[in-house]
Asks: 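There's a structure below that I have some questions on.
Both ligands and their constituent atoms are indexed starting at 1 by order of listing.
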Amino acid sequence: MVTPARDTAADQLLEYSKEHPEGDEESVTTTFGIPIGEKDASLTVGYHGPILLQDWQLIDELSHFSRERIPERVVHAKGAGAFGYFEVTHDITQYTAATVFSHIGKKTPIAVRFSQVAGELGYPDTVRDLRGFAIKFYTEDGIWDLVGNNQPVFFVKDCILFPSFIHTVKRNPKTHLRPDYDMFWDFITLRQESTHTAMIMFSDRGIPASYRRMHGYGANTFAFVNAEGKFNYCKFHYLTNQGIQNLTSEQAQKIAGIDPDFHTRDLYNAIASGDYPSWNFYIQIMTPEQAAKSPYDPFDDTKVWLHADYPLIPVGKLVLNRNPKSYFAEVEQIGFNVAHLIPGIEPSPDRMLQGRLFNYGDTHRYRLGTNNLQLPVNSPFKVASYSRDGENTIHSQGGTPNYHPNSFKGPDNDKRASALAPILPISGDAKRIDSGNDDNYTQPRLLYQRVLKPEERGTLIQNIVSWLRPANAVLQDRAVAMFSKVDLDLGARIREQLHSLTPHHVVL
Ligand code: HEM
């Protein structure tokens, strides 16, 4: 049997023990802090007698244990987190008045969580999937959450399609198996706006070698507002300083068998040994005038903004230099919410973003409870709201009035936030407009013909074929037709390999 070598993470308990000299142990207590005289025995009547109901020590232990797990994230369940800082290296105050960017050299504490999208909590790290890359900025104006992925685009562009898409990459509800190749290809070929993201997922970047060796992208379009109230649209990019490195499908499969926590271990060990990963942070800016004339929809998250037209503007860097003190308290309970935007950063009409603005807070109320924002890892530095009480209230606001308006000096409108709220002219008929067929092939074609090197095209095709082979024949034909719309050569090569006589071989 192959087992992972001992590493820094494996020494965690030894380190703890070294930090606590012999004889320094604390007395063990119940969860309510009462010292315990005998930790390892239940209270029985005689040696073989039944356990007494008055054994509050046992009841405390068992009842807490049955409640140890909370619902896992409905997506992005498997992940790892770390802490560090964001430092401004370039002035972008001409675009935004957000205090996090107020001057060069400014440092803001951050928390980051990396994840896979589809697998559950125990799923192997090295699967072919998108990776989440979410950042929580603890700014003086409260929390700003930038909840991105390691791809600049996403499978669908209307939030109403998100649950259906996610169902196709999760377990089949009858067989409880995943991947279910028919579900996946059926959806992808019926909603061909997913072509672009699918192609990146099947490219070499579909399985990063580690969380440290991948880029991150906000993907959705946001807006910036500057001190004069002028707004521009923007996208966020964070590029790894460790260099991009990926795994082949074969490498990834082997690693999944030996060390399912490969990415988590890599991140923990790098930080524990002082090798702090960092990413340079960039923005792209599009003026409202440019947006109105853009040949592609700037609010469509299946498309990138071409760098030639909208170059990356350097802003700062992200550095991760602390591992979580407790995985559960600081990573499992962290809640990133796309609606957490600080003055100077606003949403755009991006339909995915609009749905996300609602969904994250909603899922946190279910997953973490009404007062999830009072958990230390999620807690903004100061809150002066008119909301009160609810399950697990920790912070109260004392005698501050709990209704607004009031005549008793309760918190009132913030002048700066009010000045920075942009006025958006909006008009149109309320209507359900399917946006799925809005030029789904030009950008994937650029990716295939201009961005990928010949050998990278080869692996892309191999990876697509290995996922298509287990799908039924109708779906295989539909997929070949879809990829042929991107590029005839791409479609032909997929068809040829699909029908070649190589043995049936599926690589994830
Ligand atoms: C309408 C579209 C979307 C919906 C409804 C949605 C919904 C969700 C939900 C419910 C969660 C679980 C959150 C939790 O339990 O804390 C989640 C997590 C996440 N989503 Fe989305 N999502 C959408 C699109 C996207 C897109 C486009 C991206 C990337 C650009 C993204 C990135 C993430 C990340 C990184 C996480 C994990 C956050 C963490 O580490 O805790 N999602 N999403």
Asks: Looking at ligand 1, does any of its N/O atoms fall within less than 3.5 Å of an N/O of Asn220?
Replies: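 Min N/O separation from ligand 1 is not below 3.5 Å for Asn220.
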Asks: Take Glu120 and Arg171 through the test salt bridge (charged side-chain N to carboxylate O under 4.0 Å, His left out) and record every step on the way to the result.
Replies: CA-CA 10 Å; Glu120 298 90 0; Arg171 292 178 188 275; 2.6 Å; yes
Asks: Relative to the heavy atoms of Asn359, which atoms of ligand 1 are at a distance of less than 4.0 Å?
Replies: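 Contacts of ligand 1 toward Asn359, numbered from 1: 5 (C), 7 (C), 10 (C).
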Asks: Of all the atoms in ligand 1, which lie at a distance below 4.0 Å from a heavy atom belonging to Arg73?
Replies: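 Once the distances to Arg73 are compared, the set is 14 (C), 15 (O), 16 (O), 39 (C), 41 (O).
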Asks: If the test is ring pair (Phe, Tyr, Trp, His ring centres under 6.0 Å), which one of Phe299, Tyr95, Tyr310 qualifies with Tyr233?
Replies: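 The ring pair (Phe, Tyr, Trp, His ring centres under 6.0 Å) with Tyr233 is passed solely by Phe299 among Phe299, Tyr95, Tyr310.
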Asks: Compute the shortest N/O to N/O distance between Arg356 and ligand 1 and return yes if it is under 3.5 Å, no if not.
Replies: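 Yes, at least one N or O pair falls under 3.5 Å.
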Asks: Indicate yes or no for a side-chain donor-acceptor contact from Gln192 to the backbone of Thr189 under 3.5 Å, with no hydrogens or angles considered.
Replies: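 Yes; at least one donor-acceptor contact below 3.5 Å.
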Asks: Against heavy atoms of Val74, which atoms of ligand 1 measure under 4.0 Å?
Replies: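 What qualifies from ligand 1 is 10 (C).
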Asks: Does Lys107 qualify as a cation-pi partner of Phe86, given the criterion of NZ or CZ under 6.0 Å from the six-membered ring centre and within 45 degrees of its axis?
Replies: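 No, a cation-pi geometry is absent between Lys107 and Phe86.
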Asks: Of the listed options (Phe165, Phe162, Tyr360), which comes nearest to atom 42 (N) of ligand 1 when hydrogens are ignored and any heavy atom counts?
Replies: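 The residue whose heavy atom sits nearest atom 42 (N) of ligand 1 is Tyr360.
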Asks: In this structure, does ligand 1 have an atom that sits under 4.0 Å from one of the heavy atoms of Gly81?
Replies: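 Outside the 4.0 Å threshold, so no.
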Asks: Does the ring centre of Tyr238 sit less than 6.0 Å away from the ring centre of Tyr282?
Replies: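 No.
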Asks: Any salt bridge between Lys303 and Asp297, counting N to O under 4.0 Å?
Replies: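 Answer for the salt bridge query: no.
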Asks: Counting from 1, what ligand 1 atoms have a heavy atom of Phe133 closer than 4.0 Å?
Replies: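 Answer, ordered by atom number: 35 (C).
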Asks: Heavy atoms only: which of Gly148, Ser115, Pro152 is nearest to atom 35 (C) of ligand 1?
Replies: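 Looking at heavy atoms only, the winner is Gly148.
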Asks: Indicate yes or no: does an N/O atom of Arg367 lie under 3.5 Å from an N/O atom of ligand 1?
Replies: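 Between Arg367 and ligand 1 (N or O atoms, distance only) the closest approach is under 3.5 Å.
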